[in-house]
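None of these values were measured; they are calculated from a predicted model. The sequence lines fix the lettering, A, B, ..., with proteins before strands; numbering per chain opens at 1.
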Amino acid sequence: MTFILDPAQPSSGQSRLLEGLNPAQRVAVEYRGPALLIVAGAGSGKTSVLTRRIAGLLESSEAWPSQILAITFTNKAAAEMRERVQELVGRGAEGMWISTFHSACVRILRREAEHFGFTKKFTIYDSADSRALLKRIIKELNADTFGFTVSSASGRISKLKNELQDVESYARGANFNDPTEAMFLEIFRAYTRGLSSANAFDFDDLIGQTVYLFRAFPQVAALYQRRFRHILVDEYQDTNHAQYALIRELTRAPRTDLLAGATGFDGRELRDPTRELEPASLTVVGDSDQSIYAFRGADIRNIVEFERDFSGAKVVLLEQNYRSTQNILSAANAVISNNFDRKDKKLFTTVGDGEKIVGFTGYSQHDEAQFIADEVVTLHETGVQYRDIAVFYRTNAQTRALEEVFIRSALPYRVLGGTKFYERAEIKDVMGYLIAVANPADPMALRRIMNTPKRGIGPATEAALQSHADKSEKTLREAMREADQLGLGPKVTGAILRLGAILDEVALTADTAPVADVLTALLTKTKFVEALRASRDPQDEARAENVEELVAVTKEFQKNNPEGTLIDFLTETSLVAAADDLDDSSGTVSLMTLHTAKGLEYEAVFLTGVEEDLLPHRMSAGEPGGPAEERRLFYVGITRARRRLYLSLAMTRAQFGEVNVAMPSRYLQEIPADLIDWRQSPGMANSRGGTQPRAINANRAGFGAAPALGGGSDYSLDAGAPGATALARAAHNAARPKTEWTSGVTNTVRDNGDLTLKPGDRIRHLDFGEGRVSAVSGSGTKSIAEVQFETAGRKRLLIKISPIEKI
DNA sequence: ATGGTCAAGCTTTTT
DNA sequence: GCTTGACCAT
């Protein structure tokens with residue numbers, strides 16, 4: 001948000017920080033008191049307000065940088081905030097803690113882990129790691145016969161941990177007569193034991209154990225309570241109970257009686273440790289309309305009941321929007337007003353109505369994707385940069401069709417989230433080596449690398465090692481060193497000892513050597529990359545490249561963190577989020593889920609798959625508060641757009657490889673019809689490729705199969721809502737061969753070898769029919785033809801793979 | 001121990 | 001339409 005002022009033109013002191021702010025924003029920057037809640041609607045300039053508030057505290061010498069703790073939702077947001085505070089106050093910003101809940105907790109835990117049976121080299125289990133651990137446990141306990149799956153168990157454990165429950169407290173309330181519950185307790189216990197014996201925390205532990213640490217060791221808590229004088233929390237509506245408890249602990253008055261003789265953060269004794277201090281001041285920023293993480297334990301009550309929780313809290317409301325046009329805001333307001341249990345709040349702007357929202361209904365997901373690709377081309381031609389365009393969807397599975405069409409149209413794009421770099425198998429393998437070196441207690445990492453690359457150590461051998469470890473109460477790693485006592489074959493024994501020796505040897509240098517050197521040593525000694533390159537599997541070549549890429553990442557890390565240790569590197573990589581690697585300015589369209597989109601903004605936004613069962617998602621229908629949360633998600637998506645918003649859906653959508661009829665989302669009717677300009681409405685799409693709007697006497701209850709929410713008085717989309725008749729027709733059509741949908745775009749791809757085209761050539765395209773090439777750009781496999789089709793309009797095609805022929 | 005084939009189940013959203 | 005797990009042949 002660069003609208004407010006240019007920091008390069010400072011006037012003086014506080015007044016400079018208030019320049020360009022509206023009255024509510026000024027209050028939010030200037031208010032001083034124990035607790036402040038800033039209710040910040042979408043696009044209301046909250047980051048500006050937060051950074052100026054921090055800058056104000058620093059400039060007026062009310063706080064040292066080290067006394068400020070600012071918590072954001074993603075590392076990206078943290079980096080941005082740090083940068084913007086720096087712009088305002090320069091080097092005076094050094095020493096602040098600006099980080100996510102998770103990073104802040106890791107920092108605290110690394111310092112204090114030894115208080116409660118962990119070492120500072122603990123590893124962090126990401127969801128995949130903890131699932132792998134649970135999988136072993138469920139198998140060992142035969143818990144699947146009780147109906148437990150990895151995801152059900154992990155979900156339940158996560159929920160409990162977010163409520164600050166542990167095995168003991170859960171056991172106290174458990175009903176042991178219920179065998180299922182007894183079994184769950186077993187799983188929970190084994191899981192907890194597995195983590196602590198591996199010297200590891202899972203994501204939820206990072207928060208929960210920090211709270212436990214503060215509660216069990218008041219003298220530790222007092223240290224942090226005394227240090228942090230100003231705590232600021234962004235996205236407060238998405239905090240869960242554990243995070244709330246953490247904030248509560250940090251904002252208690254420090255017990256100075258516990259601090260005499262304590263050492264501070266620089267290792268020296270504290271200056272006047274017994275000086276009485278007020279509790280830290282707390283500022284939270286949030287918007288309950290943007291709460292979209294209830295499924296992860298976020299508790300909207302944290303923000304709703306803030307005033308009750310922190311007595312004397314001041315509340316400031318920011319409603320003026322500086323991001324979007326009025327049409328976009330009106331749509332957003334109309335949608336969100338259907339959530340009944342909210343404080344009414346209406347976003348407004350002074351920038352004017354802007355363009356109408358564009359609606360489009362494709363015949364299939366590929367048709368929908370093609371529309372988006374065509375519009376992206378048009379936008380780009382009218383001067384919108386690719387980087388200012390984003391495509392949102394509800395589920396990651398929706399990326400496929402979009403990617404296919406983007407590739408065929410030779411549009412530059414990137415997918416945020418989804419299968420992340422660090423989730424790739426080969427990367428996890430290599431990380432496993434690093435973890436095994438850094439934290440020898442962790443058996444999960446060891447199991448992962450034991451036979452990667454293949455060295456003849458199979459499941460039977462691994463089980464023998466494990467049972468030896470169990471018997472002699474040693475770690476798996478220690479058992480490996482004694483492999484010669486197990487009576488295994490000479491070949492296997494040799495392989496185990498060799499691996500153990502490599503790990504031991506590299507571990508000697510791990511505390512001091514640069515991470516890149518540690519990694520290279522491991523890769524060389526294990527011949528990891530050679531093994532991949534020697535493989536017959538063509539994908540292994542790409543995997544080898546990914547591993548090389550990781551080596552580059554470690555070098556980059558060392559450049560940015562000259563003092564960084566292996567542990568630091570592992571911490572950083574386990575806490576990277578989808579939105580974090582977003583910043584680069586390369587000109588690409590961004591594809592992401594609606595969840596990932598939170599906190600971001602784009603000139604043009606495509607919100608795709610606006611269909612029943614997708615948005616709201618089928619899975620949310622049964623959950624209490626599900627449809628309302630999905631509506632907030634839709635709202636978040638809409639409010640990301642600055643000037644152009646596109647809503648699109650498809651008449652049919654393939655899931656699990658099967659084609660199903662899709663119906664318009666109930667949320668579409670909640671947008672006043674005059675705000676949407678339908679290029680192809682659901683009604684038009686239903687009349688089989690015709691271009692005339694079709695008047696249908698809609699049976700309203702049939703629309704989207706949704707209950708007529710909000711009375712449903714005037715929700716006709718411009719062509720009339722498709723009623724039961726149309727839906728029946730759609731169902732009928734879907735049962736027939738797909739060829740009947742003549743204007744549907746398929747995902748056909750072919751290899752055209754070295755077909756070349758030049759302007760003036762006539763071609764026939766499988767989906768678009770005949771057309772004339774108007775321009776050709778790029779070269780080799782990347783050459784792109786711009787083709788004017790007779791009926792389908794103008795398209796960009798990647799020549800090598802398009803289903804075309806010269807005529 | 002490994003590598004292949006086949007059926008089953010699967011997809012909400014993420015620090 | 002893709003990944004995972006079970007099973008079997010080497």
Checklist entry - Do we get A:Arg296 above A:Tyr293's six-membered ring, with its NZ or CZ under 6.0 Å from the centre and within 45° of the axis? => result yes
Checklist entry - Taking the side chain of A:Thr395 as heavy atoms from C-beta outward, which of B:dT12, B:dT14, C:dG1 is closest to it? => result B:dT12
Item to check | Spacing of A:Glu612 atom CD relative to B:dT12 atom C1', expressed in whole Å | outcome: 15 Å
Item to check | Length of the line joining A:Arg653:CZ and B:dT12:P, which is rounded to integer Å | outcome: 15 Å
Checklist entry - Which value, in whole Å, describes the distance between the P atoms of nucleotides C:dT4 and B:dT13? => result 15 Å
Item to check | Given B:dT13, C:dA6, B:dT15, the nucleotide with the shortest approach to the side chain of A:Arg394 | outcome: B:dT13
Checklist outcome for this item: Atom CG of A:Leu614 and atom P of B:dT13 are separated, to the nearest Å, by 10 Å
Checklist entry - Should the ring pair A:Phe569 and A:Phe557 be called parallel, tilted or perpendicular, given that the plane angle runs from 0 to 90° and is split at 30 and 60? => result perpendicular
Checklist entry - Within 45° of the axis and under 6.0 Å from the centre of the six-membered ring of A:Phe392, does NZ or CZ of A:Arg640 qualify? => result no
Checklist outcome for this item: Picking from B:dT12, B:dT15, B:dT14, the nucleotide nearest the side-chain atoms of A:Thr100 would be B:dT15
Next on the checklist: Counting only side-chain nitrogens and oxygens, does A:Asn162 get under 4.0 Å of the OP1 or OP2 atom of B:dT15?
Outcome noted: no
Item to check | Close approaches to DNA chain B from residues 288-300 of chain A, in residue order (heavy atom, under 4.0 Å) | outcome: A:Tyr293, A:Phe295, A:Arg296
Checklist entry - Relative to A:Tyr422, does A:Lys428 satisfy both conditions: NZ or CZ under 6.0 angstrom from the six-membered ring centre, and within 45 degrees of the ring's axis? => result no
Checklist entry - Counting any heavy atom closer than 4.0 Å, what does A:Ala460 reach on the DNA or RNA strands: base, sugar-phosphate only, or nothing? => result sugar-phosphate
Checklist entry - Hey, is CZ on A:Arg301 packed in by over 12 heavy atoms from elsewhere, all under 6.0 Å? => result no
Checklist entry - OP1 or OP2 of B:dT15 less than 4.0 angstrom from a side-chain nitrogen or oxygen of A:Asn75, does that happen here? => result no
Checklist entry - Quick one: A:Arg131 CZ to B:dT14 P, roughly how many Å, whole number? => result 14 Å
Checklist entry - Reckon A:Asn451 touches a base, only the sugar-phosphate, or nothing at all at heavy-atom distances under 4.0 Å? => result sugar-phosphate
Next on the checklist: For a quick check of understanding: with a heavy-atom distance under 4.0 Å over all strands, which category does A:Thr461 fall into, base, sugar-phosphate or nothing?
Outcome noted: sugar-phosphate
Checklist entry - Roughly how many Å is it from NZ in A:Lys491 to C1' in B:dT2, rounded to a whole number? => result 12 Å
Checklist outcome for this item: Picking from C:dG1, B:dT14, B:dT15, the nucleotide nearest the side-chain atoms of A:Arg400 would be C:dG1
Item to check | Atom-pair distance (CZ on A:Arg618; P on B:dT13), nearest Å | outcome: 13 Å
Checklist outcome for this item: Between CG of A:Asp238 and P of B:dT14 the distance, given in whole Å, is 12 Å
Checklist outcome for this item: Sorted by chain and number, sequence neighbours left out, salt bridge (Lys or Arg N to Asp or Glu O under 4.0 Å) with A:Arg131 holds for none
Checklist entry - For A:Lys454 and A:Phe656, take the nucleotide of DNA chain B holding the closest heavy atom to each; which residue's nucleotide lies nearer the 5' end? => result A:Lys454
Checklist entry - In a check of side-chain hydrogen bond (donor to acceptor under 3.5 Å, both in side chains) between A:Lys161 and each of A:Asp204, A:Asp202, A:Asp166, which one passes? => result A:Asp202
Next on the checklist: Please report the distance, rounded to the nearest Å, between CD in A:Glu403 and C1' in C:dG1.
Outcome noted: 14 Å
Checklist entry - Any side-chain heavy atom of A:Ile336 sitting closer than 4.5 Å to one from A:Glu670? => result no
Checklist entry - Counting side-chain heavy atoms from CB outward, which of B:dT14, C:dA6, B:dT12 is closest to A:Thr593? => result B:dT14
Item to check | Residue met sooner reading DNA chain B from 5', once A:Arg455 and A:His595 are mapped to nucleotides | outcome: A:Arg455
Checklist outcome for this item: Looking only at B:dT2, C:dA6, B:dT13, the nucleotide nearest the A:Lys139 side chain is C:dA6
